[in-house]
Enquirer: 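Got a structure for you, questions after.
Labels below follow one simple rule: chain letters A, B, ... track the order of the sequence lines, proteins then strands, and each chain is numbered from 1.
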Amino acid sequence: MGLIGILIGVVLILALAPVVMMYATWMERKTIARMQDRFGPTRVGRYGLLQPLADGVKMLTKEDIVPRGADRMAHTLAPIVIVIPALLLFAVIPLGPKIILADLNTGLLFFLAVSSVETLAIFMAGWGSRSKFSLLGAIRSAAQIIAYEVPMVLNLAVVVMMAGSMSTAEIVQAQTGRWFLATPWGFAGFAVFFICALAEVNRTPFDLPEAESELVGGFHTEYSGMKFALFYMAEYLSVFAVSALGATLFLGGWMGPILPGWAWLLIKTYGLVFVMIWIRGTWPRFRIDQLMAFAWKCLLPVSLANVLAAGVWYILPAPWGALTCTLLLAATFLITSQLWIPKARRVENPAL
Amino acid sequence: MQLYGVELLRGLGITFSHFVRTYVKGVGRKFAQGNVRQLPTQDGIFTVPYPEEKLAVPERLRVLPFLIYNGNTGQPATEESIRCTACGICAKVCPPQCIWIVQAKDAVAGKPKPKPAEFTIDMDVCMNCGFCSEYCPFDAIKMGHDFELSNSERDKSHIFEMDRLLVPTENYAKTHPGAWAEEEAKRQAAAAKKAATAAAAAAAAKPAPGTPP
Amino acid sequence: MIEEAIGYKINYLAVLLLGLAAVVVPILPLVLAKFIAPKKPSQGKSEPYECGVPSAGDPWGQFRIQYYLYAIAFVVFDVEVLFLFPWAIVFKQVGIAGFVAMVVFVAVLAIGLVYAWRKGALEWD
């Protein structure tokens with residue numbers, strides 16, 4: 001990979017990312033509309049395909065309003081700071097054995113570190129707006145992202161254990177013959193990873209930081225015009241990046257018959273993006289106490305158990321390892337899932 | 001002990017079945033039968049492309065009130081033809097108080113006349129309850145169907161004056177045929193009753209021929 | 001060539017280049033919007049949103065202590081989890097002894113979790 005290759009990669013990522021983001025919004029609107037027996041956008045272009053462009057033009061021509069008393073510096077910087085890490089994430093997504101912008105030997109760690117920067121931007125946005133809704137959304141977001149970071153990192157550690165490397169390309173290579181999803185620890189790891197990914201990118205059912213119906217947008221309540229659009233750009237780019245990471249770590253990345261590697265990765269990534277949209281079209285939102293309890297009391301014990309289960313799976317001979325691993329995980333899930341639900345408050349006077 | 005998550009998966013199943021059904025069932029942008037978009041028994045996706053095609057509104061839809069005058073379409077309203085008598089009942093019962101009436105005065109004597117000189121409704125304040133038309137003793141104010149009221153000027157055009165509110169009876173009979181027939185029947189019954197009482201009174205006053213005084 | 005001179009660091013150079021170039025993506029539309037978007041500031045518009053009523057009090061005040069407890073719990077667990085990564089990479093080489101050592105480590109983590117749980121640090125109210 002020479003300098004020319006790097007430049008081509010950089011330009012490709014930067015040119016394609018906005019397009020990917022725009023059509024992710026189109027895909028989301030169309031899919032959810034179909035789930036609700038509607039058509040979704042149909043007016044601008046055939047099948048509403050030009051709708052994202054129309055939205056972009058609209059955002060460009062909207063006034064940028066900064067609330068009185070806001071911390072102007074933080075308010076303006078936040079949308080810029082949130083987009084850059086979302087773009088950087090794509091550097092470590094391998095599209096093929098050699099098609100990767102930066103095959104870092106710490107790729108996974110890089111992904112985690114860079115995606116955490118988004119929390120900072122969200123907090124800047126909430127704090128800088130000097131609005132109660134924004135600040136509440138930002139604090140919730142910070143609490144939520146750090147809570148779901150722990151089980152996510154634990155499950156990524158399991159993947160690293162089995163692949164013996166933190167390089168995303170080598171992790172895909174380690175899945176030759178069998179996707180990690182097809183093992184008991186891989187299945188549990190993928191489930192926990194996917195749930196945490198939903199929380200990390202603030203998607204339903206973990207969209208409390210931007211809950212439209214209670215916080216009117218949360219951290220971006222006070223944003224309008226292009227700055228508002230940038231938050232959406234970052235959100236959809238993160239959705240895409242995190243789905244690509246899920247496909248890379250558990251679904252065999254670029255591996256697949258007949259089609260070229262990048263096509264397989266795109267298919268798997270869009271599959272996961274579809275599941276995220278599907279979930280948004282189905283499930284209601286968590287309550288904040290349930291949200292925290294779920295992360296700390298259910299996902300965290302299951303993730304800790306998964307580290308042990310994966311070790312047992314590797315050390316014991318094949319049938320016994322798989323059996324013990326499955327039993328261990330199932331038992332932990334069954335026990336913790338009974339414990340995490342916050343107890344319903346006693347009704348003092350049921351007659352009323 | 002309860003197994004959690006099963007119902008969540010069931011929910012996913014339901015939305016996915018809807019997602020698939022929109023592609024295999026339903027009439028889409030076409031008509032199911034004649035000019036009917038979707039039959040009551042039909043499943044799946046259908047649509048009415050709104051600004052080009054509008055759904056028929058039910059007769060009793062209430063949007064904004066309007067005033068009625070006796071006359072045909074195109075005929076201008078005169079003071080006599082306006083049914084409103086400026087009694088002010090509608091303004092009194094209006095919960096958000098959006099009706100404002102000024103009573104007309106006799107040009108010569110300056111005495112108040114039972115006619116409105118000004119009748120104003122603030123459409124931003126109106127809450128479409130229809131109390132005004134329920135309470136009006138003269139069938140002079142009715143609830144209209146026009147729901148496409150948005151425009152880009154809100155300071156002047158949202159205050160409806162008489163010229164915007166007056167509607168001839170012919171138009172009313174067209175848009176509200178059921179209500180019109182009902183009211184006409186009532187009016188005719190009342191008129192017949194009035195005529196009968198008048199005849200009876202006349203008969204009582206004038207002794208019938210052939211009867212000794 | 002430059003590639004040989006800096007070796008594997010070329011990957012980090014790629015990340016650096018992407019990071020520098022990525023700044024353009026958010027700034028370009030912002031600058032564009034600066035020229036295109038209308039500017040009609042008014043008193044009511046610049047008011048922070050609070051459901052249409054005048055805002056009461058400064059939002060930069062105190063908030064729930066619970067967030068802080070969760071943050072502490074996060075720091076504890078995240079740092080410990082990071083110790084897992086070096087072990088995870090060599091997991092297949094260190095054998096059963098290494099695994100048992102890590103079981104002890106994870107057990108300590110789990111005890112910490114149980115402790116926080118029993119102390120009520122993970123309760124919302």
Enquirer: If you compare all heavy atoms of C:A88 against all heavy atoms of A:A157, which two are closest, and at what distance to 0.1 Å?
Expert: CB-O, 3.5 Å
Enquirer: Can you say whether A:V158 sits under 4.5 Å from chain C via the side chain, the backbone, both, or neither, judging by heavy atoms?
Expert: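 For A:V158, neither part sits under 4.5 Å from chain C.
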Enquirer: State, with a plain yes or no, whether a side-chain heavy atom of C:L113 is found less than 4.5 Å away from one of A:P301.
Expert: yes
Enquirer: Report the option among A:A163, A:G56, A:A143, A:G164 that has the most heavy-atom pairs separated by less than 4.5 Å from atoms of chain C.
Expert: A:G164
Enquirer: Between C:F91 and A:Y314, is a ring-ring contact (aromatic ring centres under 6.0 Å, His included) present by the stated rule, with each step listed?
Expert: CA-CA 10 Å; C:F91 164 72; A:Y314 181 73; 5.3 Å; yes
Enquirer: Non-hydrogen atoms of chain C under 4.5 Å away: do they reach the side chain of A:I13, the backbone, both or neither?
Expert: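 Side chain only.
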Enquirer: Looking at CG of C:L18 and CG of A:L12, how far apart are the two atoms once the value is rounded to the nearest 0.5 Å?
Expert: 11.5 Å
Enquirer: Please classify the contact between A:L304 and chain C as side chain, backbone, both or neither, with a heavy-atom cut-off of under 4.5 Å.
Expert: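 Both backbone and side chain.
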Enquirer: Side chain, backbone, both or neither: which part of A:V153 has an atom under 4.5 Å from a heavy atom of chain C?
Expert: both
Enquirer: So what's closer than 4.5 Å to chain A heavy atoms on C:K40: side chain, backbone, both or neither?
Expert: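 For C:K40, heavy atoms of backbone and side chain both lie under 4.5 Å from chain A.
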Enquirer: So which heavy atom on A:L60 is nearest to which on C:P29, and how close?
Expert: CD2-O, 3.8 Å
Enquirer: Is C:Y67 in contact with chain A via its backbone, its side chain, both, or neither, using a 4.5 Å heavy-atom distance?
Expert: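 Answer is side chain: those atoms of C:Y67 sit under 4.5 Å from chain A.
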Enquirer: Which pair of non-hydrogen atoms, one from A:M162 and one from C:K92, has the smallest distance, and what is that distance?
Expert: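 Shortest heavy-atom contact: O-NZ, 2.6 Å.
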Enquirer: Applying side-chain contact (heavy atoms from CB on, under 4.5 Å) to C:K34 and A:M226, what does each step give before you reach the verdict?
Expert: CA-CA 9 Å; C:K34 201 115 198 139; A:M226 210 57 223; over 6 Å; no
Enquirer: With chain C as the partner, which of A:V83, A:V150, A:L14 has the greatest number of non-hydrogen pairs under 4.5 Å?
Expert: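 The residue among A:V83, A:V150, A:L14 with the greatest pair count is A:L14.
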Enquirer: Distance from A:I84 atom CD1 to C:I27 atom CD1, nearest 0.5 Å?
Expert: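 These two atoms lie 6.5 Å from each other.
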Enquirer: Flag the one option from C:G19, C:A22, C:A21, C:A110 with the top tally of heavy-atom pairs under 4.5 Å to chain A.
Expert: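 Among C:G19, C:A22, C:A21, C:A110, the one with the most close pairs to chain A is C:A22.
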Enquirer: At a heavy-atom distance under 4.5 Å, which candidate from C:L17, C:V81, C:D78 has the highest pair count against chain A?
Expert: C:V81
Enquirer: Search all heavy atoms of A:P79 against all heavy atoms of C:P26 and return the closest pair with its distance.
Expert: O-CB, 4.5 Å
Enquirer: For C:A71 versus A:I146, what's the shortest heavy-atom pair and its separation?
Expert: CA-CD1, 3.7 Å
Enquirer: Out of curiosity, A:D64 CG to C:K39 NZ, how far, rounded to the nearest 0.5 Å?
Expert: 8.0 Å
Enquirer: Report the distance from atom CG of C:L30 to atom OG1 of A:T76, rounding to the nearest 0.5 Å.
Expert: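 Interatomic distance, C:L30 CG to A:T76 OG1, rounded to 0.5 Å: 8.5 Å.
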Enquirer: Which atoms of C:V15 are under 4.5 Å from chain A, going by heavy atoms: the side chain, the backbone, both sets, or neither?
Expert: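 Both backbone and side chain.
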Enquirer: Which atoms of A:T221 are under 4.5 Å from chain C, going by heavy atoms: the side chain, the backbone, both sets, or neither?
Expert: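 A:T221 touches chain C through side-chain heavy atoms alone.
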Enquirer: Relative to chain C, which segment of A:I65 carries a heavy atom at a distance below 4.5 Å: side chain, backbone, both, or neither?
Expert: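 Answer is side chain: those atoms of A:I65 sit under 4.5 Å from chain C.
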Enquirer: Would you say that C:S46 contacts A:V66 through its side chain, given a criterion of any heavy-atom pair below 4.5 Å between the two side chains?
Expert: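 Not touching, per the 4.5 Å side-chain cut-off.
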Enquirer: Any chance you could measure A:M59, atom CE, to C:I36, atom CD1, to the nearest 0.5 Å?
Expert: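 So the CE of A:M59 and the CD1 of C:I36 are separated by 14.0 Å.
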Enquirer: Using heavy-atom distances under 4.5 Å, tell me whether C:A107 contacts chain A through its side chain, its backbone, both, or neither.
Expert: neither
Enquirer: Can you tell which part of A:L135 gets under 4.5 Å to a heavy atom of chain C, answering side chain, backbone, both or neither?
Expert: side chain
Enquirer: Please find the pair of heavy atoms, one from C:P38 and one from A:T61, that lie closest to each other, and give the distance.
Expert: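 Of all heavy-atom pairs spanning C:P38 and A:T61, the closest is CD-O, 3.2 Å.
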Enquirer: So which part of A:K62 gets closer than 4.5 Å to some heavy atom of chain C, the side chain, the backbone, both or neither?
Expert: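 Backbone only.
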Enquirer: Taking C-beta and beyond as the side chain, do C:Y12 and A:T106 meet within less than 4.5 Å on heavy atoms?
Expert: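 Yes, at least one pair of side-chain atoms sits under 4.5 Å.
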Enquirer: What I'd like to find out is whether the side chain of A:M161 reaches to under 4.5 Å of the side chain of C:L84, using heavy atoms alone.
Expert: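 Counting from C-beta outward, A:M161 and C:L84 never come under 4.5 Å.
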Enquirer: I'd like to verify something: which residue of A:L112, A:V81, A:I139, A:L154 has the highest number of heavy-atom pairs under 4.5 Å with chain C?
Expert: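 It is A:I139.
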Enquirer: What about A:W296 and C:F77, are their ring centers closer than 6.0 Å?
Expert: yes
Enquirer: Given heavy-atom pairs under 4.5 angstrom as the criterion, report whether the side chain, backbone, both or neither of A:L87 touches chain C.
Expert: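 Both backbone and side chain of A:L87 come within 4.5 Å of chain C.
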Enquirer: May I ask you to test the C:F74-A:I145 pair for a side-chain heavy-atom distance under 4.5 Å?
Expert: no
Enquirer: Quick check on A:E63 against chain C: is it the side chain, the backbone, both or neither that has a heavy atom closer than 4.5 Å?
Expert: both
Enquirer: A side-chain contact here means heavy atoms from C-beta on lying under 4.5 Å apart; do A:L109 and C:L82 qualify?
Expert: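 In short, these two side chains touch, coming nearer than 4.5 Å.
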